Amino acid sequence: MAAAACADADAPTGEPAFATPTAATTPETSPAPTLELTPTPAPPPVPTLAPTAIPAVPEADFHAYPFTLGVASGDPTDTSVILWTRLLTAPGQEELPGGDHEVLWELATSDSFSSVVAAGLASAPAQHGHSVHVDVGDLRPDTWYAYRFRVGSYTSGTGRTRTFPSPDSSPTALKFAFSSCQHYQHGYYAAHRHLAADGLDAFVWLGDYIYERGPLKKIFDRARLHDGPEAVTLADYRARYAQYKRDADLQAHHASHPWIVTWDDHEVDGNYAGDLSQNNDDPEVFLTRRAAGYQAWYEHMPVRLDPPDGADMQFYRSLRWGDLAEFFVLDTRQHRDHPPTDGDFISLGDLTDTKLALRTLSPGALDPSRQVLGNSQQQWLVASMTASTSVWNVLAQSVLMQGFSTLLGQEPPLVIIDGWDGYMGNRNVLLSELSQAGVENIVVLTGDLHMSIAGDVRIDPYDDSSPVVAAEFVSSSISSALGRITTRASPTALEANSQMRFIDTRRGYVVCELSRETFTAVYMALEDVQDPQSGVSEAARIPVIAGHPGLA
Ligand code: FE
Ligand code: CA
């Protein structure tokens, strides 16, 4: 990871040239970011408060625009943020020479870059696909910045990012959004275009950034096709990320505010669990594939993490927004035990894309030693949440926690064992520990199901008298289509699941508006995922009240 800022971020910076949509200001005064997502000529020399702090722009030994995947930022603290890009020229253009490259990065208080407060050189190593991760430190808390990269005569588009408020401050508001699942072949990214203009402080991504399979045989009306076959090698995964990241709406969203990113299964292989692949490959063979998927994920994400060590990646982490909210970012795939095999798996005709189990016939699912997070992550989570002094404790994770009896005319009810329902004993232990530790105001953010759900997380989801420990908001997908099982189950989901309060099967995302008293989830639904210019509309507004577990 590259070094921190070399310039003096504490120098007087004057008024920022754009509004700062934080607790202290009104969000409606925040303009949409001015983005430059097309190649621009090198700007004139930038006047700065500390001119010697900006190194010379490294020379380029290529003649094609290298910032075709855009820019991004992520994992902010109160004094630092990760800046990201990856050098890659457009298909059909001159390729980058194979060795390591170097870029200049600049961070300023306005989009004009008239006041650069930090700058430095960062490496774009060949072994990491010429990706750049800069950890810029010594910044001011609770402050917006503009950033960009330069090499030779080429300048990247401008991104905007921000630091979070200091952990010992007491902010009164936070506005972030979350979503997941952007299958490129299922539709367009109008949702990202709206999210880019929403005046958010941050965005939380809950997995399925890419999908690993090859081109669909039967494509959706007007939808796009994957280039290349199912991703297995590092080169395959890199190419898939590059295809997704060339989308202008996705680039605009990354460039508009910092992201907090977790992953789910499709960044490697559908429904994988630890070293178990979807097709029961030899674990050694699958772990080689997992290593490739993890490395490509790291190369394309603005995360404050070290690169993976083979098939292993230190992943879970937490971020604080003053004392108002703490985000616990979880990995529900890497350390997960294999799904239960002792249930009566049933075939439902063509419904074979997700494994189901008869709930009451699966002692494996009830065995508390079979875990989703693994020992060390679960112990870290319980200890960190127990020690938390934040008003809101937010779990950013991928798979459904509140339970989903899908009925489908079966008795006893069926559950989808790829979520926490496949690990009921483990869920019971984790939630009981959090409950006994007195952790309050837990809000679980979830993706994966391609539908919107809001409900209560009970220690036993299927027992109405079981204590409520948390609220769970499930976002729909940016573009991925509803699965066949959830399509069949959704009409009866509310009546079959007393813990659920709301469902909606349209594509979309959730905007979260936090105060010290309420956490309001605003569900936004996309009109038509096949229309790149689609509008969105509010589908529901669901609050959680501080001091009251679960939905209000
Ligand atoms: Fe998905
Ligand atoms: Ca998934």
Side-chain angles (χ1 to χ4, degrees), residues 178-189 191-192 204-214 216 220 223-224 226 230-231 237 240-241 243-244 247 250 261-274 276-279 289-290 293-294 296-297 301 315 329-336 338-339 351-356 372-373 395-402 404 406 415-423 444-453 472-487 489-490 503-510 526 529:
F178 69 97
S179 191
S180 68
C181 297
Q182 53 181 3
H183 205 308
Y184 191 82
Q185 304 186 115
H186 291 181
Y188 293 92
Y189 294 166
H192 280 308
V204 179
W205 179 259
L206 298 179
D208 290 359
Y209 193 98
I210 57 160
Y211 283 76
E212 78 283 9
R213 296 285 187 89
L216 280 172
F220 290 71
R224 311 174 283 192
H226 282 161
E230 178 160 353
Y237 285 110
R240 186 60 50 80
Y241 278 99
Q243 184 179 13
Y244 277 54
D247 183 280
L250 176 58
V261 182
T262 186
W263 59 24
D264 194 26
D265 50 337
H266 288 288
E267 284 85 347
V268 180
D269 182 33
N271 289 353
Y272 86 90
L276 181 68
S277 76
Q278 187 158 45
N279 298 328
R289 181 182 183 182
R290 193 176 93 174
Y294 284 10
W297 179 88
M301 294 298 132
F315 190 96
V329 184
L330 303 185
D331 167 7
T332 63
R333 288 289 167 188
Q334 181 176 190
H335 308 292
R336 167 193 290 228
H338 295 183
L351 301 181
T352 52
D353 55 350
T354 302
K355 295 168 186 160
L356 298 176
V372 173
L373 304 177
L395 294 190
Q397 58 101 52
S398 299
V399 292
L400 190 77
M401 194 176 273
Q402 68 187 271
F404 188 176
T406 58
V415 296
I416 300 168
I417 61 167
D418 187 57
W420 285 88
D421 269 340
Y423 303 80
V444 182
L445 310 181
T446 301
D448 186 48
L449 289 176
H450 308 174
M451 64 192 288
S452 300
I453 298 173
E472 182 177 38
F473 296 120
V474 182
S475 171
S476 187
S477 54
I478 293 290
S479 58
S480 305
L482 197 62
R484 284 170 289 182
I485 291 165
T486 35
T487 298
S490 55
I503 73 160
D504 188 311
T505 57
R506 293 173 288 179
R507 314 280 65 72
Y509 55 90
V510 183
L526 200 65
V529 74

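Ligands are counted one by one from 1 in listed order, and the atoms in each one are counted from 1 as well. Residue numbers run from 1 in the order of the sequence given. Treat the numbers as computed from the prediction; the structure is a model and nothing was measured.
Between S477 and the choices Q182, H183, H450, R507, the side-chain hydrogen bond (donor to acceptor under 3.5 Å, both in side chains) rule is met once, by R507. When Y244, Y211, Y184 are each tested for a side-chain hydrogen bond (donor to acceptor under 3.5 Å, both in side chains) with H226, only one passes: Y244.
Looking at D448, its N, O or S atom nearest to the Ca ion (ligand 2) turns out to be OD1. The nearest N/O/S atom of D208 to the Fe ion (ligand 1) is OD2. Distances from the Ca ion (ligand 2) to the N/O/S atoms of D208 are shortest for OD2.
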For Y294 and W263, run ring pair (Phe, Tyr, Trp, His ring centres under 6.0 Å): C-alpha distance rounded to whole Å, both residues' side-chain angles, the deciding distance at 0.1 Å, then the answer.
-> CA-CA 10 Å; Y294 284 10; W263 59 24; 4.2 Å; yes
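Residue H183: no N/O/S atom is found under 2.8 Å from the Fe ion (ligand 1).
The angle that D264 OD2 and D265 OD1 make at the Ca ion (ligand 2), rounded to 10°, works out to 80°. Seen from the Fe ion (ligand 1), atom OH of Y211 and atom SG of C181 lie 100° apart in angle, a value rounded to 10°.
Below 30°, between 30° and 60°, or above 60°: for Y209 and W205 the angle between ring planes is above 60°, a perpendicular geometry.
Checking T262 against Q397 by side-chain atom types alone, no donor-acceptor pair falls below 3.5 Å.
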